[in-house]
2 protein chains.
Amino acid sequence: MVRMSAEERRESVIRAAMSEFARGGYYGTSTEAIAKRVGVSQPYLFRLFPSKKAIFLAASARCLEDTRKVFEKASEGLEGEAALHAMATAYSRLIADDPDKLQMQLQTYVAVAAAEAVGDHEFGEMVRAGWLEIWEAAHLPLGADARETTTFMAFGMLINVLAAMGYPAEHRVWEGLQLPARPPEGPEPTRA
Amino acid sequence: MVRMSAEERRESVIRAAMSEFARGGYYGTSTEAIAKRVGVSQPYLFRLFPSKKAIFLAASARCLEDTRKVFEKASEGLEGEAALHAMATAYSRLIADDPDKLQMQLQTYVAVAAAEAVGDHEFGEMVRAGWLEIWEAAHLPLGADARETTTFMAFGMLINVLAAMGYPAEHRVWEGLQLPARPPEGPEPTRA
DNA sequence: TTGGTTAGTGATTGGACACTAACTTATCCG
DNA sequence: CGGATAAGTTAGTGTCCAATCACTAACCAA
């Protein structure tokens, strides 16, 4: 039996939860599945977190944080077009290498909407704050132009959805995402 | 007791399912909830549809169809910028008036990804085909330019997600979505 | 080594849920 | 009218699942 500190365990629970919730969403994922992935008994999760909801929330927050870090790292020391290209490439690589993260993003969006619909604004506030940080992580390197940033994020969202739907890389719908001569806008479509 | 033909009932089941699945997704929605909304006993759903999955599939398909129709109707007889503006306005109105349809769209995307992940490609094919029809409904009126269409769809997706997250209309993240010279809301087309 | 704290488990419970089976009632038509 | 058919119901089954409880095993400091 390998013992860990509660903090370390919580960490692995969050990682496991990100993968599991990514596939099944909140309701489609059992705490048992998460526990199994962690290698720990199911009841023990409830000693590390107060509820299933809390686990989901932690996973969502982590997902946003990870994504923001990708943008920050990619654009470090760059600005304007160079930053844009770097961030686009980094993001494309992220969703190619780690589809779970893409999935978890989408799961987070639908969960927020559901929470808001029943009057729970706490989850929403966290997600809006987290997403805004991502927005800002792109905004500054891109020259702090709202329209530019919005366009960048818009292309990113389209890429998310096309990838989620499973269109093969050579499908027509990806066409308009090819960069022309140089990279003027949008997360770059070098899909692996 | 009001009796309907099975066909009519199926129709109301699909409508009800769109609303319920929109909120809770596949796993978060019970057939009981759908039945209640229809005003019919829960087991009766299984005489109208073979399974819960079939109901979800029908709801997804209908959602895509409805969305396509919105574009088609809006752009009827128009082309170029006029068509673009008409479609953008119509779509903005759609997601403002009927948030369920927006939600159901997102639910469809995550469900497709989940289905693909477990090797079920049937649902994915239907959704990809349906979404392509939407894409084409925008493509032709916009002058059959792939980049133009892609940009249009990208802005639409960003709007979807911002709306789902519940950012209030006056929030900064909406800024770059204002049309410059032309009238207000909507997926914006030509970025100079 | 002993006493306290922290990590972790097995058993269980109460509720929800998809789906089946068997029965009832409205409606249409000859 | 009368009976066939289609619309609908009530009751029930097996399964799954979040959360609780009472307990055991490892670590640690004096």
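In what follows, chains are A, B, ... by sequence order, proteins preceding strands, each numbered from 1.
Distances from the side chain of Pro43(B) to the nucleotides dG8(C), dA18(D), dA21(C) place dA21(C) closest. Closest to the Tyr44(A) side chain, of the nucleotides dT9(D), dT20(C), dT9(C), is dT9(C). Candidate nucleotides dT9(D), dA19(D), dA7(C) were compared by shortest atom distance to the side chain of Ser5(A), and dA7(C) ranks first.
In this structure, the CD1 atom of Ile34(A) is 11 Å from the P atom of dA19(D), given to the nearest Å. Rounded to whole Å, the distance from NZ on Lys52(B) to P on dT20(C) is 14 Å. Atoms NZ (Lys36(B)) and C1' (dC17(C)) sit 12 Å apart, rounded to a whole Å. Atom pair Phe46(B):CZ and dA7(D):P shows a separation of 18 Å (rounding to whole Å applied). Residue Glu32(A) contributes atom CD, which lies 12 Å from atom C1' of dG10(C) at whole-angstrom precision. What separates CE of Met4(B) from C1' of dA26(C) is a distance of 15 Å, to the nearest Å. Following rounding to the nearest Å, Arg10(A) (CZ) and dG8(C) (C1') show an atom-to-atom distance of 14 Å. The distance from atom CD of Glu7(B) to atom P of dA6(D) is 14 Å, rounded to the nearest whole Å.
In this structure, Arg9(B) reaches the sugar-phosphate backbone alone: every heavy-atom distance under 4.0 Å involves primed, P, OP1 or OP2 atoms, never a base. Ser30(A) comes within 4.0 angstrom of sugar-phosphate atoms only, judged by non-hydrogen atoms across all strands, and of no base.
Ion pair Lys69(A)/Asp66(A) not flagged as a salt bridge, since none of the NZ, NE, NH1 or NH2 atoms sits closer than 4.0 Å to an Asp/Glu carboxylate oxygen.
Mapping Arg47(A) and Thr29(A) onto DNA chain D by nearest heavy atom places Thr29(A) at the nucleotide closer to the 5' end.
Aromatic ring orientation, Phe152(A) versus Phe71(A): perpendicular (interplanar angle above 60°, classes split at 30° and 60°).
Judged by distance alone, with hydrogens and angles left aside, Arg3(B) brings no side-chain donor or acceptor close enough to the base of dG8(D) to form a pair under 3.5 Å. Looking at Gln42(B), its side chain has no donor and acceptor atom pair within 3.5 Å of the base of dC17(C).
A close approach under 4.0 Å does not occur between any side-chain nitrogen or oxygen of Thr31(A) and OP1 or OP2 of dC17(D).
For Phe56(B) and Phe49(B), the ring centers sit 6.0 Å or farther from each other.
Proximity of Val173(A) to Arg128(B): side-chain heavy atoms (C-beta onward) are nowhere separated by under 4.5 Å.
Evaluated for a side chain to side chain donor-acceptor pair (under 3.5 Å) with Asp100(B), the options Arg23(B), Gln105(B), Arg15(B) yield exactly one hit, Arg23(B).
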